[in-house]
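Because only heavy atoms are used, hydrogens play no part in the values below, and waters and symmetry mates are left out as well, while side chains stay in. Sequence lines set the chain letters: A, B, ... in the order given, protein chains first and strands last, and positions in each chain run from 1.
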There are 2 protein chains.
Amino acid sequence: MARGRSAGGGGRPVTLAMVAQRAGVSAQTVSNALNSPELLAGETLERVRRAIADLDYRPHQAARSLRTRSSRLIGYGVAPTPPSISTSVLDRFLHALSDSADLAGYRVLLFAAPVGADDEQERYDQLLRDHSVDAFVLSNTHRGDRRPGWLAKREIPFVAFGRSWAARDIGDWVDVDGAQGTADAVDHLVAAGHRKIGLLGWPRGSGVGDDRARGWREAMERHGLPVRGLRQAAEDDAKAAQLAVAPLLDGPGGVTAVVAVSDTLALGVYRALRERGRTPGADVAVVGFDDSPAAALLSPSLSSLHQPLEEVGRACTRLLVARLKDPRAAPQRLLLAPELVVRESSAPHPGSLADPPRDEPPHSRRDPHTPPPPDPPAVPDAHPPTANRTASE
Amino acid sequence: MARGRSAGGGGRPVTLAMVAQRAGVSAQTVSNALNSPELLAGETLERVRRAIADLDYRPHQAARSLRTRSSRLIGYGVAPTPPSISTSVLDRFLHALSDSADLAGYRVLLFAAPVGADDEQERYDQLLRDHSVDAFVLSNTHRGDRRPGWLAKREIPFVAFGRSWAARDIGDWVDVDGAQGTADAVDHLVAAGHRKIGLLGWPRGSGVGDDRARGWREAMERHGLPVRGLRQAAEDDAKAAQLAVAPLLDGPGGVTAVVAVSDTLALGVYRALRERGRTPGADVAVVGFDDSPAAALLSPSLSSLHQPLEEVGRACTRLLVARLKDPRAAPQRLLLAPELVVRESSAPHPGSLADPPRDEPPHSRRDPHTPPPPDPPAVPDAHPPTANRTASE
DNA sequence: GACGACGGTTGGATCGATCAAATAGCACCA
DNA sequence: TGGTGCTATTTGATCGATCCAACCGTCGTC
């Protein structure tokens, strides 16, 4: 074990040539042992491997990169996110991404990505030319996002966190199945006895928001429940939500439950209820989206849809590695289901009639006597929402 | 402007030699124009610069790095952060760091840093050898952190976000002045008429927590107010806080205000108050720390200390660049003041007696008839907390 | 007018790996 | 024996920038 020694940093670096000499072979053979081990005779390979281990040799990326024009680097543009109640997204996602990329032999290179600036692509181009990054991970994809098209045209590998909401779906992506999430919420609320379930969404036009709204609508229809007049919208702001939800609560036959497409909106619902002397959970059930850290801390604690961000990060790496291996393979899309975390805001009241007994839930997750979902989601080429299935088909 | 052309990605790269030919000089001269412009004659420099611009030339990092053994890369280890109410830290800090590093010509390379694992340094070493990173940015420094010492011994430049809480202060760091923050909170509460101000802290032993507690204590003493029995502690968990704060609220002469060292703890105080039929803000003032996105959304909204994370990020870059320029310069430390954001939980009640009239506040920020602060904070070499106190009064 | 000093420039070697092509080693069959 | 077809390994060139040492012209000085 000479590891301790060489980990001692400061000294001269171990080069491929030194390994070659120690193993009694040429430099090229060592290179092959690393990059095309199948070319070597078993015995030679073993000898080289031992020499590498003995010297604790690590190939110098810059040299390798100079020759091969690839860097084992993945570019990730950090966009300035508006302070929202659920901004730990980057945190969790980025850590998972970086972690899994590490395991696959890649590293994540950060750069500041201007949101929708004109020279947006310029920054990607810079990274490409300065550091020869092998691929990009996009996040915060939005309608009319030009990045996927731009990258695809140049045949630069990338994976997006968030489907490309454009008409023509481009490239690989991983996304959280928002529709599935809100549908789960509806199922859960219906099982608890609710019939009038409102939706508090974002203004139409955002891909994510519309998707989550669709899940609610489809689930309602599947249960044979009406949706007319049960949908309101607000920007992602608690105050705006507080006002926007009013029609749902005050209407002639007010709702008994509200599904909000974000925790921030859900908080607005809380306030609107309090304003009316009513209690979230007890009087009107509320389900949020994102499962922000605050959700568990509110009182009553907020039921919410937890996004599997760690899994999204790992999936991005997986898809990216596959893409790098075979640039022309069919595009892969992966929809991961969020998980409904039930808390006080939607839990049946202790002792109430609606309390579903453990042994025989009144409604199973996918109600048997209602027709199956009409169509696979309107996402072309998308795998059905099976969650993390390992690879393509 | 030929920029548009070369931004066209796929094609052949522009090399230094091509620039040299176009400018009618040798390659070395172009290199000098980039790295040591002072060596060139003004006219030549101008000509080379124009050629560079015309061709939209960018030096190839890998080649440069191979020769110089430096990469213009800054390593940042992302640690898995426990889901807390205020996890947008990484978000804001990292974006600012990456952004300002970009401007300085550096890029941030992410890697997964195990928290306190035995092979922790190994990961740093890897990054050093694989990618020849020029420097590191540390965060989540803690008592007994071995990283600063390890890096310093190897003369690897680094800047820590968070002072090294060890006995001997090592290396450059930037930190938020927690003591200043809690002191500001006390001043603010005293100005609003409070005299019995409790502290809800973390268990002793964490550098950050102890620092924030100290600020409270020193400010109380400065105002001539007692601190005995007014301090309680809990782990950073709302439930634990709810229980821990009880003695402060229920004691014979209960407190009228509580300073909590995190928003999570403050939330526990909210709950404890509600549990007792009392209202945060109206009955007992509460001030949190971190100004998490949830703080503004709680009702009543929570006064909290806002950390200037963007500025911390920029400062890290600044110190790092300085350190890279002069590895042997004296270590720099920078304490930035958090900003107290006053919200409903500590705002004087409208119309109440405690409402300080604009023209003659009952207590000025620095009470004239109490002695001045005893000593500058016990941080050797630290700059005085100059920082941006824009809106703190 | 030759000399050294100096600012500015030049050609050539070099960083450490990979690529392309050539070679050695070996079995097999005519 | 000699050619053929493999496979395993070696040799030499190369990626693009920087470092080094030498070079050249100009100026001031003795």
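For Ala63(B), the side-chain contact (heavy atoms from CB on, under 4.5 Å) test picks out Leu66(A), His60(B), with sequence neighbours left out. Scored by the ring pair (Phe, Tyr, Trp, His ring centres under 6.0 Å) test, Tyr124(B) finds Phe111(B), Phe136(B) as partners (sequence neighbours excluded). The salt bridge (charged side-chain N to carboxylate O under 4.0 Å, His left out) check on Asp134(A) picks up nothing, with sequence neighbours excluded. Residues meeting the side chain to side chain donor-acceptor pair (under 3.5 Å) test with Thr141(B), sequence neighbours left out: none. Checked against side-chain contact (heavy atoms from CB on, under 4.5 Å), Ala152(A) has the following partners two or more places apart in sequence or in another chain: Phe158(A), Ile170(A). Judged as a salt bridge (charged side-chain N to carboxylate O under 4.0 Å, His left out), and not counting sequence neighbours, the contacts of Asp130(B) are Arg58(A), Arg107(A).
For residues 15-29 of chain A, every residue pair satisfying the side chain to side chain donor-acceptor pair (under 3.5 Å) rule, not counting sequence neighbours, is listed here: Arg22(A)-Asp54(A), Ser26(A)-Thr29(A), Gln28(A)-Asn32(A). Pairs engaging residues 41-51 of chain A under the salt bridge (Lys or Arg N to Asp or Glu O under 4.0 Å) rule: Glu43(A)-Arg47(A), Glu46(A)-Arg50(A) [sequence neighbours left out]. Identified under the salt bridge (Lys or Arg N to Asp or Glu O under 4.0 Å) test for residues 313-323 of chain B, with sequence neighbours left out: Asp172(B)-Arg323(B).
Put simply, NE2 on His60(A) is 18 Å from P on dT14(C), counting in whole angstrom units. When the C1' atom of dA17(C) is taken as reference, atom CD of Gln61(A) falls 10 Å away, rounded to whole Å. The distance between atom CZ of Arg72(A) and atom P of dA17(C), rounded to the nearest whole Å, is 15 Å.
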Check: Going 5' to 3' along nucleotides 8-13 of chain C, which nucleotides have protein heavy atoms under 4.0 Å from the base (write B), which only from the sugar-phosphate (write S), and which from neither (write -)?
Finding: SSBB--
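Comparing the axis of the opening five pairs of the helix from dG1(C)-dC30(D) to dA30(C)-dT1(D) with that of the closing five pairs yields an angle of 70°, rounded to 10°.
Taking a heavy-atom distance under 4.0 Å as the criterion, the stretch of DNA chain D touched by chain B extends 5' to 3' from dG16(D) to dC20(D).
Salt bridge annotation for Asp102(A)-Arg123(B): present, with a cationic side-chain nitrogen under 4.0 angstrom from a carboxylate oxygen.
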